[in-house]
Amino acid sequence: SYQAILDKTKAYVETNSFAPVEALLAVNASSFSPVPSGTALLRSGDPAMTEIYQEMQSTLVTCAQESGDESMAVTTLDQDGTTLYVVGDGGDFPVVGGSIGYLFFISTNPDTARGIVRKANGSTEANLTSSQLYQTATAKLQPSENNVGLMLDFDALANLAESAEEVFG
């Protein structure tokens, strides 16, 4: 029941003035698929909050499974021992979610969700944080617990625009 989770969350907030959490929201499009995808990650810094997030994930999956709505059908994938929950009717726009320890994620791109699992498990494949663009941009930021950043790779955006023009005319 979601009410139990709401009650636990309320109790947590009432006893803790600060919930250590990091969040990332990303929008991605590529020249291979100009339809944008979205990804959200949430990393908890507190075991009590991690437990609440795990219950939220379980409840959301159960609600989707029990909805009886074909567009909310739940299937699972395995990526390196991590269960990924795929919600959707098998069409082009699934929602894939999962968790690894204190890291929770959801994406509209199954390949992105699989990449999150690989990186969390220690893969050294290339990613945004290893790029020169990211290194240069973050070197200019002062350390803070409250950073908010926006990064646009204009070269990649230009390539995407060219691909979209070819596809959409």
Side-chain angles (χ1 to χ4, degrees), residues 1-130 134 145-151 156 160:
S1 156
Y2 68 90
Q3 188 60 50
I5 296 167
L6 293 175
D7 292 342
K8 285 183 181 182
T9 304
K10 181 180 177 184
Y12 181 90
V13 170
E14 288 174 351
T15 58
N16 297 281
S17 61
F18 177 73
V21 66
E22 293 178 285
L24 172 70
L25 179 61
V27 177
N28 182 39
S30 74
S31 57
F32 304 107
S33 175
V35 176
S37 64
T39 302
L41 291 97
L42 182 72
R43 182 168 42 194
S44 172
D46 180 353
M49 204 66 215
T50 298
E51 184 178 315
I52 292 170
Y53 293 147
Q54 288 168 338
E55 285 186 48
M56 283 182 191
Q57 175 182 297
S58 177
T59 299
L60 288 171
V61 169
T62 300
C63 285
Q65 289 170 329
E66 295 176 354
S67 73
D69 184 344
E70 284 186 28
S71 68
M72 298 291 286
V74 178
T75 56
T76 59
L77 299 172
D78 178 79
Q79 178 66 44
D80 302 334
T82 298
T83 300
L84 301 176
Y85 299 95
V86 182
V87 180
D89 60 3
D92 292 336
F93 302 103
V95 175
V96 183
S99 63
I100 303 171
Y102 55 86
L103 176 67
F104 299 83
F105 55 91
I106 189 165
S107 181
T108 61
N109 183 329
D111 290 330
T112 299
R114 289 178 178 275
I116 291 167
V117 174
R118 288 191 306 272
K119 289 300 294 177
N121 286 333
S123 170
T124 59
E125 64 192 78
N127 62 64
L128 174 65
T129 60
S130 63
Y134 181 85
E145 292 180 11
N146 299 311
N147 279 345
V148 173
L150 172 66
M151 177 166 293
L160 177 63

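Please read these numbers as outputs of a predicted model, since none were measured by experiment. Just the heavy atoms: all of them, side chains too, but no hydrogens, waters or symmetry mates, feed the values below.
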Only counting residues at least two apart or in another chain, list the ones meeting side chain to side chain contact (heavy atoms under 4.5 Å, CB included) with Asp80.
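Result, side chain to side chain contact (heavy atoms under 4.5 Å, CB included) vs Asp80: Val117, Arg118, Asn121.
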Got a sec, which residues hit side chain to side chain contact (heavy atoms under 4.5 Å, CB included) with Leu24, two or more places apart in sequence or on another chain?
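Side chain to side chain contact (heavy atoms under 4.5 Å, CB included) check on Leu24 returns Leu41.
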Taking every non-hydrogen atom, the tightest pair across Ser67 and Met72:
OG-CB, 3.4 Å
To the nearest 0.5 angstrom, please state how far the [atom1] atom of [X] sits from the [atom2] atom of [Y].
X: Ser99; Y: Met56; atom1: OG; atom2: CE; answer: 13.0 Å
X: Gln79; Y: Asp111; atom1: CD; atom2: CG; answer: 9.5 Å
X: Leu42; Y: Leu25; atom1: CG; atom2: CG; answer: 11.5 Å
X: Ile100; Y: Leu84; atom1: CD1; atom2: CG; answer: 8.0 Å
X: Asp78; Y: Thr83; atom1: CG; atom2: OG1; answer: 6.0 Å
X: Gln57; Y: Thr62; atom1: CD; atom2: OG1; answer: 10.0 Å

With sequence neighbours left out, the residues meeting ring-ring contact (aromatic ring centres under 6.0 Å, His included) with Phe104 are Tyr53
Between Thr108 and Gly38, is there a donor-acceptor pair closer than 3.5 Å when you use the side chain of the first and the backbone of the second?
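Answer holds: yes.
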Determine yes or no for a side-chain-to-main-chain donor-acceptor pair under 3.5 angstrom, with Thr9 supplying the side chain and Ile5 the backbone.
yes
Once side chain to side chain donor-acceptor pair (under 3.5 Å) is applied, do any residues pair with Asp46, and if so which ones, sequence neighbours excluded?
Tyr12
For Ser123, all residues meeting side chain to side chain donor-acceptor pair (under 3.5 Å), sequence neighbours excluded:
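Ser123: side chain to side chain donor-acceptor pair (under 3.5 Å) contacts with Glu125.
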Using a 4.5 Å cut-off on heavy atoms from C-beta on, say whether the side chain of [Y] contacts that of [X].
X: Val96; Y: Asn109; value: no
X: Asn16; Y: Met49; value: no
X: Ile106; Y: Tyr85; value: no
X: Leu60; Y: Val87; value: no

For residues 51-74, pull every pair meeting salt bridge (Lys or Arg N to Asp or Glu O under 4.0 Å), keeping only residues two or more places apart or in separate chains.
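Every pair satisfying salt bridge (Lys or Arg N to Asp or Glu O under 4.0 Å) with a residue in residues 51-74: Lys8-Glu55.
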Candidate list Thr76, Val95, Thr75, test side chain to side chain contact (heavy atoms under 4.5 Å, CB included), partner Val86, passing option
Thr75
